[in-house]
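Note that ligands are numbered from 1 as they come in the structure, with each ligand's atoms numbered from 1 the same way.
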Amino acid sequence: MNANLYALIEAHFPSGAEQPCLLIPGAPVVHYDELAQASARIANALTRAGCQPGDRVAVQADKHWHVLALYLACLRAGFVYLPLNTAYRRSELAYFFADATPRVVVCRPQTLGTIETIANGARVLTVDAHGGALGDRARGEAAHFATVQSQPDDLAAIVYTSGTTGRSKGASLTHRNLASNALALVEAWAFTRGDVLLHALPIYHVHGLFVAIHCALLSGARLWWLPRFDAGEVVERLPAATAMMGVPTFYTRLLAEPAFTRERARNVRLFVSGSAPLLPETFAAFRERTGQTILERYGMTETGMITSNPLDGVRAAGTVGRPLAGISVRVVDDAGRVCAPGVVGGVQVRGPNVFAGYWQMPEKTREEFTVDGWFRTGDVGEWVPEGEAKDYLRLAGRAKDMIISGGLNVYPKEIEERIDAFPGVVESAVIGVPDPDFGEAVTAVVVAKPGQAIDEAAIIGTLKDEIAAFKVPKRVHVIDELPRNAMGKVQKNLLRQRFGGTSP
Ligand code: MLC
Ligand code: AMP
């Protein structure tokens, strides 16, 4: 049997392949056979460009359907797909290229000049709405490509996640990781060929790329392929959709639209939320407005999806449900002992979904696994001890010092190091404060050198030139001294209380 994920996906394509796959506003429908042929052409073109199985193909591109074909091409040819957030700037990209040494980089036409100077010897091709240079090369290629024979442990993708040390780590994901998770989700959420999934997520993170796309393609469903999340556009398309996936910000923004009514949501059988905590207020307001109950699930880049509230049965606000089929989850104390229900501890995971390790970081990989093979998520939670959500997992916070803003992770250390390097700054602390739109807003607290003024706008402006804008603090506060505990550790809880109005 071929463990290649593309082989599995293709086996589920609807028969009589001229079935609609991507519904794109203002553009012709893309059918399943067109997608398959486009992926074959790209696989042939990349092979001709020198790519071999195991080579990395790094992609920083807008959400054109050709990019989906490119992803499928990499899978079927055994190349390792490496998606990059479009917000990443030059220095961030240079790090990824140096670390992953891709054979090919695919980018937007407007960044070609920059990327060529940092691509580390990779061949650089553009992709745009018409296909770009990649499309030009693919056009003359055969529309057939024999999917390579893959082993379950062969790499399918590397997805970078930020690290507590400020250095990003590439999570190496295998064909087995992606395939097992995709099958578990199709089953848990009962996707069928009759579904139409509204897809407004970006396709450079696991939520939009793997969770959403695999559920749809593995069930022969259709997707509304929207370039980005725009609440008005989503409200317009929802009556023609049966499912939607989003980060909590999608749901708070929908609720802010007066045109988003029960009637608009009537045909949708499933609203899924994840990537960040869904506030119980949002859960309740959504139910009140639409009569529908959001299904919250929990996952991470290194593991794919871990737990989910049920399709049938109680979906409980503030919980992330039960482990998906084939996945084991445990909650342990600091000594590694399993916690009783109701006792908060570290969340650990084991199963075919758990990644193969961090790209070229064996030490870091070892640190994140227990001796008996469980992956430490860095999240903290408990099993609900009683009531209608008994035995569901409730996340209680994070052991790792991480902020989630609009579903995107920001590690304070990376930002603090940059702010500390500004002239006039003694030191800084970066925290997340509650934000009605992004859930948490990145905020900096800075100590100035005696007699030096801190220019908030200058710090924000300079950081925006250097790093992805979603990581840049929305505010910079100046303070005389950072509060520290007896061990000398900065008490971020006190800063959150002072600048975010939350209790410590
Ligand atoms: C954009 N901006 C953000 C931001 N997104 N700021 C903080 N946090 C964010 N998430 C800033 C931009 O830099 C810009 O700033 C301004 O907001 C407007 O930019 P935009 O591009 O117009 O924003 P918008 O399209 O409204 O994007 C917001 C969003 C988007 C919430 C729709 O961030 C999004 O799609 N988030 C989903 C991310 C996701 O897929 N996460 C899953 C990760 S996988 P300025 O100052 O320049 O104006 C994962 C595992 C799992 O976590 O379990 O799923
Ligand atoms: P990432 O590293 O981008 O994959 O983000 C994974 C992290 O997002 C997890 O470790 C959690 O901290 C968080 N996360 C994902 N889903 C949820 C959820 N439903 N509720 C709370 N946090 C979540």
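- Atoms of ligand 1 lying under 4.0 Å from at least one heavy atom of K474, given by number and element, are 3 (C), 6 (N), 7 (C), 11 (C).
- Ring geometry for F375 against F369 counts as tilted: the plane angle lies between 30° and 60°, on a 0 to 90° scale.
- In this structure, M305 counts as a contact residue of ligand 1, since one of its heavy atoms falls inside 4.0 Å of the ligand.
- The shortest N or O to N or O distance between N409 and ligand 1 is not below 3.5 Å.
- Looking at M245, R297, H205, it is R297 that brings a heavy atom closest to atom 53 (O) of ligand 1.
- Within a 4.0 Å radius of atom 25 (O) of ligand 1, the protein contributes at least one heavy atom.
- Residue N409 has at least one nitrogen or oxygen atom sitting less than 3.5 Å from a nitrogen or oxygen atom of ligand 2, judged on distance alone.
- Against a heavy-atom cut-off of under 4.0 Å, G299 is close to the following atoms of ligand 1: 53 (O).
- Ligand 1 lies nowhere less than 4.0 angstrom from a heavy atom belonging to Y298.
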Set out, in order, the CA-CA distance, both residues' side-chain angles and the distance that settles side-chain hydrogen bond (donor to acceptor under 3.5 Å, both in side chains) for T242 and D195, then state yes or no. CA-CA 6 Å; T242 66; D195 276 311; 2.6 Å; yes
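- From L70, atom CG reaches atom NE2 of H64 across 12.0 Å, with rounding to the nearest 0.5 Å.
- Nearest to atom 20 (P) of ligand 1 by heavy-atom distance, out of M300, R228, K471, R253, is R228.
- The shortest N/O to N/O separation between S275 and ligand 1 falls below 3.5 Å.
- Comparing F210, F438, F250 by heavy-atom distance to atom 3 (C) of ligand 1, the nearest is F438.
- With ligand atoms numbered from 1 in the order given, ligand 1 contributes 7 (C), 8 (N), 9 (C), 10 (N) to contacts under 4.0 Å with heavy atoms of S405.
- The residue among M300, E296, H207 with a heavy atom at the shortest distance from atom 6 (C) of ligand 2 is M300.
- The protein does not reach atom 14 (C) of ligand 1 closely, with no heavy atom under 4.0 angstrom from it.
- Atoms CG and OG, from L278 and S273 in turn, are 4.5 Å apart once rounded to the nearest 0.5 Å.
- A cation-pi arrangement is present between K169 and Y358 under the rule of less than 6.0 angstrom and at most 45 degrees off the ring axis.
- Every atom of ligand 1 with a heavy atom of K464 under 4.0 Å away is listed here by number and element: 45 (P), 46 (O), 47 (O).
- Heavy-atom contacts from other residues, nucleotides or ligands closer than 6.0 Å to CD of Q110 number more than 12.
- Residue, atom and distance of the protein heavy atom nearest to atom 17 (C) of ligand 2 are A276 N, 3.7 Å.
- A donor-acceptor pair shorter than 3.5 Å can be found between the side chains of N177 and T174.
- Nearest to atom 16 (N) of ligand 2 among the protein's heavy atoms is S275 N, 3.1 Å.
- Atoms of ligand 1 lying under 4.0 Å from at least one heavy atom of G406, given by number and element, are 10 (N), 31 (C), 33 (O), 36 (N), 37 (C), 38 (C).
- The shortest N or O to N or O distance between T301 and ligand 2 is below 3.5 Å.
- Shown are K489, K492, K413; of these, the salt bridge (charged side-chain N to carboxylate O under 4.0 Å, His left out) with D401 is made only by K492.
- For E466, the CD atom counts as densely surrounded, since its 6.0 Å shell holds more than 12 non-hydrogen atoms of other residues, nucleotides or ligands.
- The protein heavy atom nearest to atom 19 (N) of ligand 2 is R297 O, 2.7 Å.
- Protein heavy atoms are absent from the 4.0 Å sphere centred on atom 18 (C) of ligand 1.
- Using a 4.0 Å cut-off between heavy atoms, H207 contacts ligand 1 through both its backbone and its side chain.
- Considering backbone and side-chain atoms alike, F229 places every N or O at 3.5 Å or more from each N or O of ligand 1.
- Judged as a ring-ring contact (aromatic ring centres under 6.0 Å, His included), the pairs with a partner in residues 232-259 (not counting sequence neighbours) are, in order, F229-F250, Y251-F286.
- For atom 49 (C) of ligand 1, a protein non-hydrogen atom is found at a distance below 4.0 Å.
- The protein heavy atom nearest to atom 12 (O) of ligand 2 is D379 OD1, 2.6 Å.
- The distance from the OH atom of Y392 to the OG atom of S308 is 9.5 Å, given to the nearest 0.5 Å.
- Within the structure, the closest approach of P202 to ligand 1 falls below 4.0 Å when heavy atoms are considered.
- Atom 13 (C) of ligand 2 has I404 CD1, 3.5 Å as its closest protein atom, hydrogens excluded (heavy atom only).
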